[in-house]
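Bear in mind the structure is a predicted one, so any value in this text is a computation, not a measurement. Proteins get letters first, then strands, A, B, ... in listed order; numbering begins at 1 in each.
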Amino acid sequence: MTTVFDPHDPGRSADGDSVRDPLLDGLNPRQREAVEYRGPSLLIVAGAGSGKTSVLTRRIAGLLRSREAWPSQILAITFTNKAAAEMRERVGAIVGDTAEGMWISTFHSACVRILRREVEAFGFSKNFTIYDSADSKALLKRILKELDADMFGLTVSKAANRISQLKNELTDVDGFARDANLSDPTEKKFLEIFRRYTRGLSDANAFDFDDLIGQTVYLFRAFPQIAATYQRRFKHILVDEYQDTNHAQYSLIRELTRPPAPEQFEAAQGMIVQGSSTEAEAASLTVVGDSDQSIYAFRGADIRNIVEFERDFPRSTVILLEQNYRSTQTILDAANAVISNNFDRKDKKLFTTIGAGDKIVGFTGYSGHDEAQFVADEIQKLHDGGVAYKDVAVFYRTNSQTRALEEIFIRAALPYRVLGGTKFYERAEIKDAFGYLIAVANPADPLALRRIMNTPKRGIGPATEAALQAWADSREMTLRDAMRNATELGLGPKVTKAIVDLARLLDEVMAKVETAKPADILTELLDRSGYVRALRASQDPQDEARAENVDELVAVTKEFGKNNPEGTLLDFLTEVSLVAAADDLDDSSGTVSLMTLHTAKGLEYDSVFLTGVEEDLLPHRMSANEPGGPAEERRLFYVGITRARKRLFLSLAMTRAQFGEVNVAMPSRYLQEIPVELIEWKQSPGMANSRGGTQSRALNARQGSGGGSWAASLREAAAGGLPPAPPRAKTEWANAITATVRDNGDLTLAAGDRIRHTDFGDGTVNQVTGNGPKSIADVQFDTAGRKRLLIKIAPIEKL
DNA sequence: GGTCCGTATTTTTTT
DNA sequence: AATACGGACC
C-alpha cells in the first residue's frame, strides 16, 4: 500500500518537473509512510543510518504545515541538546519561522523547564540548582563519613550508583524502606544514607540528574491539574532514541500521553472515551529507536520499553526502516555480521545501494602509543589525499585511552578535539567560580558555600566551618545564615570579619541576581572576592593556567549573554549543568574528533577509527559479570562501526598501559565475528606478535575454515610468556612525552635541514609551514617515513 | 590554620 | 601515572 502511485502527491508527479515537496522529496516508501502516518501511537524502528532524523523532522514539519498542530503543541525529546538544536533548525528550514514555541529538548531540559514553573507546589523553591554527579558524590562522601559507612563496604560510587538506579526505577526512600531487608545491617546503613542524601538535596534546594525526571513524574502524579496543563498542551509527542529510555523517562511519557483530567476519571472506571472533545484527547506519540543500538543499560535504560511498545500503547503501528544511506556495503556487512551474534533480537539486516567501497583496515600496534601513531599516520595520509580533518573521528571505549592519542596527535601537529572526557567544567578553578555563582543563585546550597568559604584563603579552616555548621544545625538554619550571624559565635575577630565580609559580598551580589547579566555577576564576584588576584599572585606556575581558564569562563558567560539577552544567572547555570558530551561539538572546527563510543551514538563521519578493540577493553572487563553485559558491549561495537560512511579502521595493541602498569592485551572476540575478507590487515595480531617482524604473514593471509585461526594462534602466543615487546617497540615509545612539556625554544628549521628525532632517527626537512610556536616541519625520515612535527615541542635536534 | 609529604586509589560507559 | 587524602609538622 505504501507504493501506490498517488497523482496528488507532488513529490512523485508523473512529469517530474512540478514543484517538489520538501516534505517527501527523496524519501523511500517506508520513510514516507513514517512521515505521513497519523494515529495514536507510532513506533519507527530505525536501523543505523536509515534517515530517522530526516523522517522525524519532516514528520514535525508536516504536522505544522497542515495546521494539524500549532508549534506549541509539539514536544520532541532528543538525546542531546545538539540534536535538539539541529532538529529545530531543520524543521524551521522546511516550514519557516513558525518553529518557535515548539519544545524540542532533552528529557532533562524539558523537565527542568516544567519544574521551574511548577515546583513551588511541591515545596521546593524555583531557584533550585542542579547537582551533577560530582556534586552528588561530594554530598554522599560527607554522609558516608558521618555514618562510618566504609565499615560496611559501602563506597561513594557504589552508593551513588545504587541511588541512581533506584531513582531511575522511581523508587524513593519510603519505597525502598518498605521492600528493603532491614535485618541486613548493610541494607539498613544504606537506607540511612539514602535518607540523608535525599534530605541533603532538599535542604540544599537542589535536584540531582535523576530527580529532574523522577520529581517531574511525582509532580504529575500528585497534582493531576498540573499534569493536565501539559497533557492538554502537548498534542504530539515525539521521542528519539527510545531504546535508551529508562523507567522514569518511560513513566514521564506515559503521564504526558494520558488523556487530561476528566477523561482520566472515566478511564479509571474502565471505559475509555474516544474523541469526545479535542480538549480531552490524549497526545499522539511517535517514538524512534533501534534495540541494536541500546547502550545505556548501565544507567537504567530498559530495552523492554521499545520491545513492548505495541503492548503498552494499544492501536499502535510499527514501521521498519532498514535501508541505510550512510555506509558502504562492506561496513554494513561487518556491522550485520557482528550484531547477528546477539540472541533474542529481531533479525534486521541493513542494506545499501552505495556499493562495496573500501575494505576495512586493521592494525595491531605493539603498544597503545604505537597504535596511536598508526592512527595519526593514517589520518595524515587521508588528509594529504583531500579528506578534511573534521570528517575524521577516533573512538575508544574508555576516556583514559585519550592520553596516548593526545600525546601522539600533539607531536604530529594534528588538530584534534576531545569531546566529553575530563571536561572544562570539572577543573577545580572552574568549580570554584561556579561555587560563587551558585552561592548567589541558591543561598540554601551548603556545598557551593563550603567550596568557596576558604578559597581564596581567608583563614576559615575546617574547625571554623564545623562551628558554623553546628550553629546552623542547632537552629535549623542554613550555613549561609550562620555566616551572616558569625559575630554571635564567639570566634576570633579576624576569622569573624572574614566570614562576615564574605557573607556580605554574597548578599550584595545576590540582590541583583534577577536582573544583572551572568557575566557581570561573575566578574564582580571574582574581583571582589580576590579569587583572581590570589591566582595571579601565586607562585605556583599552574595557577597562571588556572587564571586563564577562569578568564575563559568569563568569556563563556559573555557569549551566553550575547545569545540570551534575557538570560538570568539561573538560566546560565541550568544550561551549563545539562550540556552533554556531544553538545560542544562545533562542526566548523576543522579538527579530528576524539570521543568515547557512547558519545559517538547518533553521529556519523566519513572516516572512523575504532581503537582498542581488545578483550577487557571491548568488551570491557567490568561488563563480564553483568547480565547482558557482553551483548551490550557488542552493540557498542556495532554502534561504532555504523558511524562510518566510507572508511573504517579497526586497531588494537598487544600491550596496554593501565594504572601505570603495562599489561598484555588480546584481540577482541568481536574481531573474529567480522568476515575475514572484509578486513585488510596492515599489521595483523599475528604479525605484530612475531618478533618484531612480519614473517608470520601466512597466519594472516589464510583464514580458511573455521575462521579465527589467527586469533587462536594469537591467543596461544599471548598466553605463553608474552612477547617482551620487540626491542624496537620498547625504545620507540618509552616515555615518549614526559610531564614537562619539551620546549625547543626558538629553534627554526628550513627545507633541506637535517634533524635527529629521538624516536624516528635522522631525517630531512621537506618544508616548514605555520609560524612562531605553531611552526610545523614536514620531515622525511630515513627509516621511519614521512612525519609532520610541531617544531616547538618535538623531541628533535638540528644536525 | 596552613603546608608538605607519603600512601592509597583509580578507569566503563553519561544526563 | 596522576591525583586525592590523611597525618605530621610548622
**OP:** Check every atom of B/dT13, B/dT3, B/dT11 against the side chain of A/Ser400 and return the nucleotide holding the closest atom.
**Re:** B/dT11
Subject >> Atom-to-atom span, CG of A/Asp208 to C1' of B/dT14 - whole angstrom >> reply: 13 Å
**OP:** Could you tell me the separation between the CG atom of A/Asp211 and the P atom of B/dT14, rounded to a whole number of Å?
**Re:** 21 Å
Original post:
Under the 3.5 angstrom rule, does the side chain of A/Gln243 hit a backbone N or O of A/Ile306 as a donor-acceptor pair?
Top reply: no
Original post:
Roughly how many Å is it from CZ in A/Arg397 to C1' in B/dT12, rounded to a whole number?
Top reply: 4 Å
**OP:** Let me know the distance between CD1 of A/Ile163 and P of B/dT15, rounded to the nearest Å.
**Re:** 20 Å
Original post:
What nucleic acid atoms does A/Lys494 come within less than 4.0 Å of, heavy atoms only: base, sugar-phosphate, or nothing?
Top reply: nothing
**OP:** Could you check whether A/Ser133 gets within reach of a base, just the sugar-phosphate, or nothing at all, counting any heavy atom under 4.0 Å?
**Re:** base
Original post:
Is A/Lys145 near enough to C/dG6 that one of its side-chain N or O atoms lies under 4.0 angstrom from OP1 or OP2?
Top reply: yes
Original post:
Once you round it to whole Å, what is the distance between C1' of B/dT15 and CG of A/Asn161?
Top reply: 14 Å
Original post:
Could you state the CZ-P distance from A/Phe298 to B/dT11, rounded to the nearest angstrom?
Top reply: 14 Å
Original post:
Given B/dT15, is OP1 or OP2 found less than 4.0 Å from the side-chain N or O atoms of A/Asn81?
Top reply: no
**OP:** Ignoring backbone atoms, test whether A/Thr599 places a side-chain nitrogen or oxygen under 4.0 Å from the OP1 or OP2 oxygen of B/dT14.
**Re:** yes
**OP:** For residues A/Phe298 and A/His598, establish whether the separation of their ring centroids is below 6.0 Å.
**Re:** yes
Original post:
Of A/Arg621 and A/Thr106, whose closest DNA chain B nucleotide lies nearer the 5' terminus?
Top reply: A/Arg621
**OP:** From the options B/dT12, B/dG1, B/dT14, select the nucleotide whose nearest atom is closest to the side chain of A/Tyr296.
**Re:** B/dT14
Original post:
Would a distance-only check, ignoring hydrogens and angles, find a side-chain to backbone donor-acceptor pair under 3.5 Å from A/Asn168 to A/Ser164?
Top reply: yes
Subject >> Protein-nucleotide distance (A/Ile460, atom CD1; B/dG1, atom P), rounded to Å >> reply: 10 Å
**OP:** Could you pick out which residue, A/Thr464 or A/Thr398, lies toward the 5' side of DNA chain B when each is mapped onto its nearest nucleotide?
**Re:** A/Thr464
**OP:** Measure from the side-chain heavy atoms of A/Arg403 and tell me the nearest of B/dT12, B/dT15, C/dA2.
**Re:** C/dA2
Original post:
How would you label the contact of A/Ala463 with the nucleic acid (heavy atoms, under 4.0 Å): base, sugar-phosphate, or nothing?
Top reply: sugar-phosphate
**OP:** Compare every heavy atom of A/Val288 with every heavy atom of A/Leu56, then report the nearest pair and how far apart it is.
**Re:** CD1-CG2, 3.4 Å
**OP:** Taking only the side-chain heavy atoms of A/Gln658 (C-beta and beyond), determine which of B/dT11, B/dG1, B/dT3 contains the nearest atom.
**Re:** B/dT11
Subject >> Side-chain donor or acceptor of A/Arg635 paired with backbone N/O of A/Ser294 under 3.5 Å >> reply: yes
Original post:
Would one find a side-chain N or O of A/Asn454 under 4.0 angstrom from OP1 or OP2 of B/dG2?
Top reply: yes
Original post:
Of the candidate nucleotides B/dG2, B/dT12, B/dT13, which contains the atom at the shortest distance from the side chain of A/His620?
Top reply: B/dT12
Original post:
Quick one: are the ring centres of A/Phe122 and A/Phe128 less than 6.0 Å apart?
Top reply: no
Original post:
Could you give the CZ-to-P distance, from A/Arg635 to B/dT13, as a whole number of Å?
Top reply: 18 Å
